[in-house]
Amino acid sequence: MQDIHPIINSFAIEGELFSVQANKSGHINSTYIATFSDGRKYTIQRVNRAVFPRPKAVMQNIHLITNHIQQKVDHLPDATKRCLSLVPSKTGEHFTLDEDGELWRAYCYIDEVDVFPFLDDAQLAYRFGEAVGTFQAYLADFPAEQLSTTIEKFHHMGHRYAQLREAMLNNRVNRLNAVEAEVSYLLGEEKRGMALTNALESGEVPLRVTHNDTKISNILFDKKTKEGICMIDLDTVMGGTILFDTGDMLRTGSITASEDEQDLGKVHCDAALFTAMLEGYRAKAGSFLTQTETLLLAESGRATTQIMAVRFLTDYLNGDVYYHTEHPTHNLDRARTQIALMQDLDRKWDEIAHQEHL
């Protein structure tokens with residue numbers, strides 16, 4: 001383990017450091033839990049420059065939105081648990097740089113919370129939806145144009161299809177013939193998949209703050225109240241449409257199998273979970289949603305599933321250069337799982353989309 005004592009000492013934390021433990025639950029940033037002799041804990045992270053080439057912009061975005069949220073929650077019970085709190089460096093910045101120029105940050109550790117790796121309960125699904133809606137409600141009045149774009153065209157469907165076509169044209173590792181069915185299906189769905197991108201670019205839906213990775217494991221749930229109280233993993237926060245977030249919530253929360261399930265017969269949309277998430281979400285977000293946003297809520301789940309299918313298939317055709325893989329067809333399995341979910345969403349569309357009109 002890297003000696004991070006000099007890093008910890010560069011933050012404005014008083015007291016005697018008791019222990020440092022690596023946290024290996026994340027897949028992108030290097031994370032450590034620093035415990036001090038008086039029991040206080042801090043999360044220390046190195047931001048991965050390979051994924052986030054503009055780490056200072058990432059930190060400025062986080063600094064802006066956490067300050068905004070903290071002003072909204074200061075009067076609430078357990079306010080310190082409801083928003084990530086950056087610890088300043090001794091020079092007054094909200095990060096520090098090591099001798100190699102790598103960027104590190106420190107958060108106050110949030111205790112007495114639960115984290116769930118997946119969703120399998122309708123009551124938890126409702127709480128999940130509430131948490132996403134609450135996060136967006138806190139930021140509904142934040143001017144999203146103030147945020148930097150840290151990953152260009154992250155959820156832009158047209159851009160992802162252009163990447164797919166380039167991968168098909170190059171066919172670097174001669175895999176195109178093996179995926180004719182998947183390519184044909186996704187190309188046939190391109191027009192419908194553009195719904196969110198087109199709505200944002202035309203101004204039909206407003207530019208808002210988006211988290212862009214709203215899976216359930218990025219929400220902290222209070223152990224006592226079971227409320228989803230804090231959204232974490234804010235590195236991808238940017239301006240976009242909130243439908244990117246509802247879409248990822250619905251995609252990751254309603255699927256009945258793992259993302260790389262090879263038995264596609266196990267891959268379905270759990271309509272009860274899908275509906276519960278939407279109900280919880282609208283309970284908190286209904287006050288600021290526009291009519292068009294409301295009408296596209298269920299569609300956002302399908303579109304986000306589609307964009308992931310395109311991305312996984314593109315990486316498979318490119319030779320698995322973006323996503324970590326454990327076997328030769330891993331990305332293809334992921335793409336097929338997303339396609340199977342899209343198809344089951346379509347079979348159940350009348351059942352899951354009815355809330356748009358309530």
Problem - Close side-chain approach of Arg311 to Arg334, heavy-atom, < 4.5 Å - result: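 Answer no - side chains too far apart.
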
Practice task
Go through the structure and list residues passing side chain to side chain donor-acceptor pair (under 3.5 Å) with Thr91, not counting sequence neighbours.
Solution key: Ser89

Completion exercise
Residues at least two apart in sequence or cross-chain that pass side chain to side chain donor-acceptor pair (under 3.5 Å) with Glu190, listed by chain then number, are Arg165

Completion exercise
CD1 of Ile242 to OG1 of Thr214, rounded to nearest 0.5 Å, is 10.5 Å

Any donor-acceptor N/O pair, [X] side chain to [Y] backbone, under 3.5 Å:
{"X": "Asn218", "Y": "Asp213", "answer": "yes"}
{"X": "Lys226", "Y": "Phe221", "answer": "no"}
{"X": "Thr275", "Y": "Ala272", "answer": "no"}
{"X": "Gln306", "Y": "Glu189", "answer": "yes"}

Exercise for the section: Flag this pair as yes if the NZ/CZ of Arg175 is under 6.0 angstrom from the six-membered ring centre of Tyr316 and inside a 45 degree cone about the axis; otherwise no. Expected result: yes

Exercise for the section: Test Asp98 against Ile4 for side chain to side chain contact (heavy atoms under 4.5 Å, CB included), laying out the working first. Expected result: CA-CA 9 Å; Asp98 64 18; Ile4 67 165; over 6 Å; no

Salt bridge or not for [X] and [Y], using N-O below 4.0 Å?
{"X": "Glu182", "Y": "Arg336", "value": "yes"}
{"X": "Asp114", "Y": "Lys223", "value": "yes"}
{"X": "Glu227", "Y": "Arg82", "value": "yes"}
{"X": "Arg49", "Y": "Asp100", "value": "no"}
{"X": "Glu152", "Y": "Arg54", "value": "no"}

Handout entry: Donor + acceptor pair across side chains of Gln45, Thr31 (<3.5 Å)
Key =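 Side chains of Gln45 and Thr31: pair found under 3.5 Å.
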
Problem - Pair Asp320-His330, side-chain donor/acceptor within less than 3.5 Å - result: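 Not at all, the side chains of Asp320 and His330 share no donor-acceptor pair under 3.5 Å.
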
Exercise for the section: Count the heavy atoms of every other residue, nucleotide or ligand shown that sit under 6.0 Å from NZ of Lys72, and state whether that count exceeds 12. Expected result: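 Correct, the count exceeds 12.
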
Problem - Parallel, tilted or perpendicular: rings of His155 and Phe244 (30°, 60°) - result: tilted

Handout entry: Pairing residues for Tyr42 by the ring pair (Phe, Tyr, Trp, His ring centres under 6.0 Å) criterion, not counting sequence neighbours
Key =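 Scan of Tyr42 (ring pair (Phe, Tyr, Trp, His ring centres under 6.0 Å), adjacent residues dropped) gives Phe36.
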
Exercise for the section: Could you give me the CA-CA distance, side-chain angles and deciding distance for His211 and Gln136, then say whether side-chain hydrogen bond (donor to acceptor under 3.5 Å, both in side chains) is met? Expected result: CA-CA 9 Å; His211 181 279; Gln136 292 179 353; over 6 Å; no

